[in-house]
Amino acid sequence: MLTLHNSLAREKQEFKPITPGHVNMYVCGMTVYDYCHIGHARMVVVFDVIARWLRESGFHVNYVRNITDIDDKIIKRAVDNGESIQSLTSRFIDAMNEDFAALGIIRPDHEPRATDHVGGMQAIISKLFDKGLAYHAPNGDVYYSVKDFDGYGKLSRKDFDEQRAGERVEVDPNKRDPRDFVLWKAAKEDEPSDVKWDSPWGKGRPGWHIECSAMSCHHLGEHFDIHGGGEDLQFPHHENEIAQSEGAHGTQYVNYWLHNGFINVDNEKMSKSLGNFFIIREVLQKFDAEVLRFFILRAHYRSPLNYSDVHLNDAKNALTRLYTALKTVAPVEVAIDWNEPLAARFKAAMDDDFATAEAVAVLFELAAEANKHAGTELGAQKAGLLKALAGVLGLLQRDPQSFLQADVGAEGEWTSDKIEAAIVARREARAAKNWAEGDRIRDELAAAGIVLEDKAGETTWRRS
RNA sequence: GGCGGGGUAGCAAAAUGGUUAUGCCGCGGAUUGCAAAUCCGUUUACGCCGGUUCGAUUCCGGCCUCCGCCUCCA
């Protein structure tokens with residue numbers, strides 16, 4: 001039985017799809033005006049694994065992750081750069097795809113872009129007008145009238161009588177209620193022409209929240225199973241999506257809300273204003289992408305996760321142990337037998353709100369089993385199961401050598417040819433029992449971060 | 001102020017009312033020409049104070065403390 005933590009109920013619940021055997025899942029994706037940081041990496045890795053596990057569990061999954069390609073920050077950046085919206089967003093969409101591919105992310109079934117769904121957004125706004133949930137403000141913007149929607153606050157559990165509106169932010173005089181949020185932004189004189197769409201309420205562009213209501217509805221319908229995103233989106237974004245979609249359609253919007261935790265730096269939220277954020281491609285200069293993926297999956301998706309080079313290095317050493325086991329004990333291909341004790345533990349962990357930390361622990365126990373039975377059929381079976389289970393998490397699918405010898409962020413002076421030549425020289429010295437020379441060569445390589453391993457007359461190498 | 005999530009061994013991170021988490025690091029042993037890898041063994045735990053219980057890190061209450069959301073944000 002699959003259980004998951006539903007933010008709406010604030011407890012773990014058994015997962016029951018609307019249509020047996022099918023899962024419709026929507027995740028809030030990127031606003032493409034800059035490179036993705038490791039917080040985004042966590043989000044996409046987490047939901048990638050969730051989608052993989054749902055499929056492994058036999059569901060047909062329709063996974064949608066949107067791209068926000070129109071927004072204040074995008075306009076500002078494009079204007080600052082003196083380029084078109086289209087040129088800016090397509091550049092960062094390409095970069096995003098590169099980064100996500102490096103992380104082993106399986107592309108969602110649909111990646112709708114906001115600018116392709118403006119019509120759908122207008123249709124929802126019109127329905128909201130029909131139901132008296134939207135109004136046209138003096139400044140030309142269209143707002144959602146929060147006080148007219150009964151369920152407002154049910155996701156974030158905000159008791160608005162307790163909130164002191166305007167305490168931290170000036171209340172916009174165009175709003176009838178401080179909680180109201182924008183559905184349609186009136187075009188401004190100085191804005192570029194490619195950010196203006198015609199609408200019944202004048203030229204303008206959509207508000208942020210309406211995008212997701214429209215795109216999810218287009219691909220998944222008015223009522224679907226799972227909606228995910230970062231925990232910060234719970235309020236106001238997801239709360240507002242509920243207000244829009246349920247307000248317009250009159251039916252329940254989403255059954256299960258999933259929110260992933262943040263990546264922190266020095267126990268503080270990573271954010272641009274604090275200047276403590278890390279771009280994925282920066283991190284990949286220093287660490288293998290699979291190390292970053294592994295680092296993310298070693299924690300539970302809802303827990304805060306502290307990032308530092310020390311922690312990534314720790315993760316790298318741990319992943320090295322797993323790959324070393326697969327190098328030492330060649331795995332045979334196996335179909336996963338979910339009744340096998342360790343496989344059963346893996347499954348129980350994943351079924352329990354996607355407890356990847358426990359699932360990863362199982363991987364290490366399998367590695368130990370494989371090592372213990374190295375050279376036997378049993379060992380090869382254990383290694384095979386290790387590789388198969390890791391594959392469910394999107395890990396350990398490479399040739400072990402390619403991971404162990406990967407030249408990530410190295411100086412590049414020691415090419416594999418040069419290393420092989422040094423190994424030959426060392427072998428000759430050792431054959432002549434010239435241990436001093438053999439050890440000198442090994443020390444020289446070690447100083448360059450290359451570790452030699454002599455086994456059964458063969459010498460292999462890896463980078464440390 | 002409102003709402004929410006934490007505090008576990010040197011570091012990271014899980015589960016659990018009584019039984020080894022797991023990984024990295026450390027220490028001892030086996031193995032090795034010496035190493036590396038591997039195996040065996042092993043040292044460091046559950047924020048504080050009460051309560052329930054035969055027994056609590058695990059449940060309940062209080063306290064201390066850290067973090068997040070309440071504003072664009074994964």
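Quick note on labels: first sequence line is chain A, next is B, and so on, each numbered from 1. Just so it is clear, the model here is predicted, and its values are computed rather than measured.
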A:Ser303 side chain near B:rG6 phosphate (N/O to OP1/OP2, under 4.0 Å)
no
Please report the distance separating the C1' of B:rC48 from the corresponding atom of B:rA56, rounded so that it comes out in whole Å.
15 Å
Would you tabulate the nitrogen or oxygen pairs shorter than 3.5 Å linking the protein to nucleotides 64-68 of chain B?
from	atom 1	to	atom 2	distance (Å)
B:rG68	OP1	A:Lys269	N	3.4

Please find out if less than 6.0 Å separates the ring center of A:Phe47 from that of A:Tyr301.
no
Any donor-acceptor pair under 3.5 Å joining the side chain of A:Arg430 to the base of B:rG33?
yes
Of all the base pairs, Watson-Crick or G-U under 3.5 Å, which form stems of three or more consecutive pairs involving RNA chain B?
B:1-7 with B:64-70, B:10-12 with B:22-24, B:26-30 with B:38-42, B:47-51 with B:59-63
So, is A:Arg462 near the phosphate of B:rA37, with a side-chain N or O under 4.0 Å from OP1 or OP2?
yes
As a test of reading the structure: which of B:rA74, B:rC34, B:rC11 is closest to the side chain of A:His311, going by heavy atoms?
B:rC11
Quick check on B:rC73: is either OP1 or OP2 less than 4.0 Å from any side-chain nitrogen or oxygen of A:Trp208?
yes
So, for A:His227 and A:Tyr26, is the gap between ring centers shorter than 6.0 Å?
yes
Taking the six-membered ring for Trp, are A:Phe92 and A:Tyr35 ring centroids under 6.0 Å apart?
yes
Kindly state each residue pair satisfying salt bridge (charged side-chain N to carboxylate O under 4.0 Å, His left out) with at least one member in residues 355-368 of chain A, sequence neighbours excluded.
A:Arg345-A:Glu358, A:Arg345-A:Glu365
Protein-nucleotides 57-60 of chain B N/O pairs under 3.5 Å:
none

Within 45 degrees of the ring normal and closer than 6.0 Å to the centroid, is that where the cationic atom of A:Lys147 sits relative to A:Tyr152?
no
Salt bridge check: are A:Lys73 and A:Asp34 linked by an N-O gap of less than 4.0 Å?
no
Identify the pairs formed between an N or O of the protein and an N or O of nucleotides 16-26 of chain B at a distance under 3.5 Å, and give each distance.
from	atom 1	to	atom 2	distance (Å)
B:rG23	N2	A:Asp314	OD2	3.1

Mind running a 4.0 Å heavy-atom check of residues 30-53 of chain A against RNA chain B and sending the residues that fall below it, in number order?
A:His37, A:Gly39, A:His40, A:Met43
